[in-house]
Enquirer: 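Structure in structure tokens, see below.
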Amino acid sequence: MSTRKIAIFDTTLRDGEQSPGCSMKLHDKLLVAGNLEALKVDVIEAGFAIASPGDFESVQAIANQVKESTVASLARCLKGDIDQAWAAVRGAARPRIHTFLATSPVHMQYKLRMSPDQVHDQAVNMVRYARSLCPDVQFSLEDYTRTEEEFSWRIIEAVIAAGATVVNLPDTVGYAIPEEFGARIARVMEHVPNVSKATIAVHCHNDLGLAVANTLAALRAGAGQAECTVNGIGERAGNAALEEIVMALKTRHDFFDGISCGVDTTKIMSTSRCVCSVTGSRVQNNKAIVGQNAFAHESGIHQHGMLANRETYEIMTPESVGLTQSQMVLGKHSGKHALKDRLDQLGISLSEEHLQELFVRFKDLADAKKVVTDADVEALARGLEMRSDAQQRLVFDRFLAATGNTNANVSTVRLKVDGQPVEQVAMGSGPIEASFNAINKMLNLHVTVENFSVSAVTANVDAQGECDLRIRHNQKVYLGRGVAQDIIEAAIRAYVHALNGLMEDEQRMTANAASLAAASGASLV
């Protein structure tokens with residue numbers, strides 16, 4: 001069987017972040033980028049550099065950090081966008097400029113207000129300009145699936161001649177059907193004379209639930225790059241899920257004629273959980289590959305089959321995506337070496353300083369629980385990733401709550417604010433609201449809490465609680481996550497984590513305003 005290796009282009013940090021509520025801070029993006037590089041994706045689309053100073057900063061930081069994967073920045077077909085994208089990625093070991101222009105009649109008429117000839121010329125001129133800056137240029141025909149085919153062939157041929165190394169044909173609105181989409185890609189391969197001089201890519205959205213199916217159909221028809229996101233996050237109904245594409249190719253290599261990719265599938269689960277942690281966007285339990293139930297068997301018939309032979313009900317092994325069926329029993333007598341070994345097996349890498357901090361928290365948990373499970377260890381590590389006390393203005397210290405259904409709920413919370421202990425007491429309809437009120441009173445803050453949820457890390461009655469929440473302040477949204485055996489403490493930690501994001505933003509805005517004032521003053525001298 002002949003083999004053909006395709007490229008995996010991950011856009012979790014760009015298209016994925018455009019999901020409502022999935023915005024990420026710089027340190028979050030660097031954490032995700034590190035996981036994507038360990039996953040061995042071919043291309044990391046780090047963001048849209050011209051969108052904001054924060055986007056430019058994060059694209060540039062990722063470009064400087066990543067050494068193995070190509071780092072791309074999105075840019076409209078405008079000279080200013082392309083200049084900003086190049087400035088952000090030029091420090092990368094493998095930089096790419098990704099520029100795009102809509103080509104469907106509805107987009108050209110109502111959004112661009114340009115004729116087909118104008119779109120053609122703009123695409124060619126901007127690809128040629130981008131190529132004068134960067135040796136790797138990708139061009140996307142936005143809304144390709146609603147673009148007239150002959151016009152799309154004309155554009156594809158022209159941008160390849162202008163220097164595009166990759167041409168992306170996106171199903172921008174999730175309109176395509178797999179048989180139809182595969183046939184369109186096959187006709188591109190047949191009708192564009194210079195198609196062999198560039199890689200044909202596809203980028204499918206999931207509005208009809210067909211993003212992965214459309215992507216796989218396109219790969220069979222000759223496409224050489226699949227664009228996707230971890231957990232399938234993205235605009236509206238999301239993008240094609242990286243883990244589903246990769247595992248479909250691996251599990252059904254017979255059907256896909258030997259098509260393969262270079263992704264290290266054993267890093268899929270750790271990357272999925274990292275994205276969940278930094279975005280606060282969980283996957284549903286029955287999500288393919290990475291859902292909680294993906295390798296769970298409850299019915300007696302299934303369990304009997306599994307005991308006889310795992311292949312009766314599993315078409316892939318948990319180990320192949322980074323899960324483990326073995327349970328190392330960790331408890332209060334376990335040492336740091338055993339904990340580190342378990343972290344290694346779970347694909348979690350920590351510095352010595354963070355390992356020591358995690359070990360202290362592990363010992364505290366082990367004193368309170370009989371057995372510390374893999375899920376407990378992962379939750380502790382996620383909580384550690386989400387906060388580094390030395391870098392935060394607010395650090396949780398302690399709380400004391402008086403609660404019940406016959407008396408008022410009161411909570412006393414003590415935080416370290418810029419290193420100084422501050423304590424406040426407040427009432428509320430419950431102990432969590434009382435704790436939040438105490439913090440608001442302490443900081444003189446007024447924020448709205450949205451999407452508050454608490455869940456158990458494991459199914460046991462002594463399980464740790466994991467809290468995810470979202471707060472809104474002056475129309476900006478901040479995510480928070482906290483883990484603790486006490487759910488009130490988990491909620492307080494999540495609230496403090498979100499408030500640290502808010503304070504980081506306010507500190508940055510104050511610094512920018514001071515810089516502008518200083519510059520203005522200097523210009524008047």
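Quick note: residue numbers are just sequence positions, from 1.
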Enquirer: Please name all residues satisfying side chain to side chain contact (heavy atoms under 4.5 Å, CB included) with Asn451, sequence neighbours left out, ordered by chain then number.
Expert: Arg470

Enquirer: Assess the side chains of Tyr478 and Asn500: does a donor N or O sit below 3.5 Å from an acceptor N or O?
Expert: no

Enquirer: Suppose we screen for salt bridge (Lys or Arg N to Asp or Glu O under 4.0 Å). Which residues come up paired with Arg94, at least two apart in sequence or across chains?
Expert: none

Enquirer: Would you mind reporting whether Phe9 and Val41 have side-chain heavy atoms less than 4.5 Å apart?
Expert: no

Enquirer: Can you check whether Lys336 reaches Leu355 side chain to side chain, under 4.5 Å on heavy atoms?
Expert: yes

Enquirer: Does some side-chain heavy atom of Glu17 sit less than 4.5 Å from a side-chain heavy atom of Thr12?
Expert: no

Enquirer: Just wondering, more than 12 heavy atoms not from Lys40 lying within 6.0 Å of its NZ?
Expert: no

Enquirer: Should we count NZ of Lys416 as having more than 12 external heavy atoms under 6.0 Å?
Expert: no

Enquirer: Step by step, work out the side-chain contact (heavy atoms from CB on, under 4.5 Å) result for Asn231 and Thr279.
Expert: CA-CA 11 Å; Asn231 300 335; Thr279 62; over 6 Å; no

Enquirer: With a 4.5 Å limit on heavy-atom distance, are the side chains of Val71 and Arg96 in contact?
Expert: no

Enquirer: Quick one, Val43 and Ile8 - any side-chain contact, counting heavy atoms below 4.5 Å?
Expert: no

Enquirer: Side chains of Val321 and Thr266, heavy atoms from C-beta outward: is any pair under 4.5 Å?
Expert: no

Enquirer: Using a 3.5 Å distance criterion without hydrogens, assess whether the side chain of Gln424 forms a donor-acceptor pair with backbone atoms of Arg414.
Expert: no

Enquirer: Keeping Ser73 on the side-chain end and Val89 on the backbone end, is there a donor-acceptor pair under 3.5 Å?
Expert: no

Enquirer: Report, as yes or no, whether the 6.0 Å neighbourhood of atom CZ on Phe56 holds more than 12 heavy atoms from other residues, nucleotides or ligands.
Expert: yes

Enquirer: Is the closest basic N to carboxylate O distance between Asp28 and Lys25 below 4.0 Å?
Expert: no

Enquirer: Do Lys250 and Thr265 get their side chains close enough for a donor-acceptor pair, meaning under 3.5 Å?
Expert: yes

Enquirer: Between His98 (side chain only) and Ala72 (backbone N and O only), is there a donor and an acceptor less than 3.5 Å apart?
Expert: no

Enquirer: Using only heavy-atom distances, determine whether the side chains of Asp55 and Ser52 contain a donor-acceptor pair under 3.5 Å.
Expert: yes

Enquirer: Assess, by modelled atom type and distance only, whether the side chains of Asn239 and His205 contain a donor and an acceptor separated by less than 3.5 Å.
Expert: yes

Enquirer: Do Thr11 and Cys228 make a side-chain contact, defined as non-hydrogen atoms from C-beta onward lying under 4.5 Å apart?
Expert: no

Enquirer: Will you find, in the side chains of Ser435 and Ser411, an N or O donor that is under 3.5 Å from an N or O acceptor?
Expert: yes

Enquirer: Give me each pair satisfying ring-ring contact (aromatic ring centres under 6.0 Å, His included) with a member in residues 403-425, each pair once, sequence neighbours excluded.
Expert: none

Enquirer: Would you kindly say whether Asp15 and His203 are connected by a side-chain donor-acceptor distance under 3.5 Å?
Expert: yes

Enquirer: Identify the heavy atoms of Asn437 and Gly428 that sit nearest to each other, and give their distance.
Expert: ND2-CA, 4.0 Å

Enquirer: Could you give me the CA-CA distance, side-chain angles and deciding distance for Arg393 and Asp418, then say whether salt bridge (Lys or Arg N to Asp or Glu O under 4.0 Å) is met?
Expert: CA-CA 5 Å; Arg393 292 189 61 193; Asp418 293 326; 2.9 Å; yes

Enquirer: Measuring only between side-chain heavy atoms, which start at C-beta, is Thr412 closer than 4.5 Å to Glu423?
Expert: yes

Enquirer: Hey, is the main chain of Ser429 close enough, under 3.5 Å, to the side chain of Asn409 for a donor-acceptor pair?
Expert: yes

Enquirer: Answer yes or no: is there a donor N or O on one side and an acceptor on the other, between the side chain of Thr215 and the main chain of Ala211, under 3.5 Å?
Expert: yes

Enquirer: Does a sphere of radius 6.0 Å around CD1 in Ile487 hold more than 12 heavy atoms from other residues, nucleotides or ligands, not counting ones at 6.0 Å or beyond?
Expert: no

Enquirer: Identify, with sequence neighbours excluded, every residue that meets side chain to side chain contact (heavy atoms under 4.5 Å, CB included) alongside Ile50.
Expert: Phe48, Arg76, Asp81, Gln84

Enquirer: List the residues meeting salt bridge (Lys or Arg N to Asp or Glu O under 4.0 Å) with Glu235, not counting sequence neighbours, and say none if there are none.
Expert: none

Enquirer: So does Arg398 pair up with Glu489, basic N to acidic O under 4.0 Å?
Expert: no

Enquirer: Answer yes or no: is there a donor N or O on one side and an acceptor on the other, between the side chain of Glu466 and the main chain of Val454, under 3.5 Å?
Expert: no

Enquirer: Just do the side-chain contact (heavy atoms from CB on, under 4.5 Å) check on Asp468 and Arg282 with the steps written out, would you?
Expert: CA-CA 10 Å; Asp468 292 282; Arg282 293 171 173 267; 2.8 Å; yes

Enquirer: Tell me, please, which residues at least two apart from Glu57 pass side chain to side chain contact (heavy atoms under 4.5 Å, CB included).
Expert: Leu26

Enquirer: Is there a donor-acceptor contact under 3.5 Å from the side chain of Thr271 to the main chain of Lys267?
Expert: yes

Enquirer: Parallel under 30°, tilted from 30 to 60°, perpendicular over 60°: which one fits the rings of Phe452 and Phe436?
Expert: perpendicular

Enquirer: Looking at Asn35 and Val32, would you say the former's side chain and the latter's main chain have a donor-acceptor pair under 3.5 Å?
Expert: no

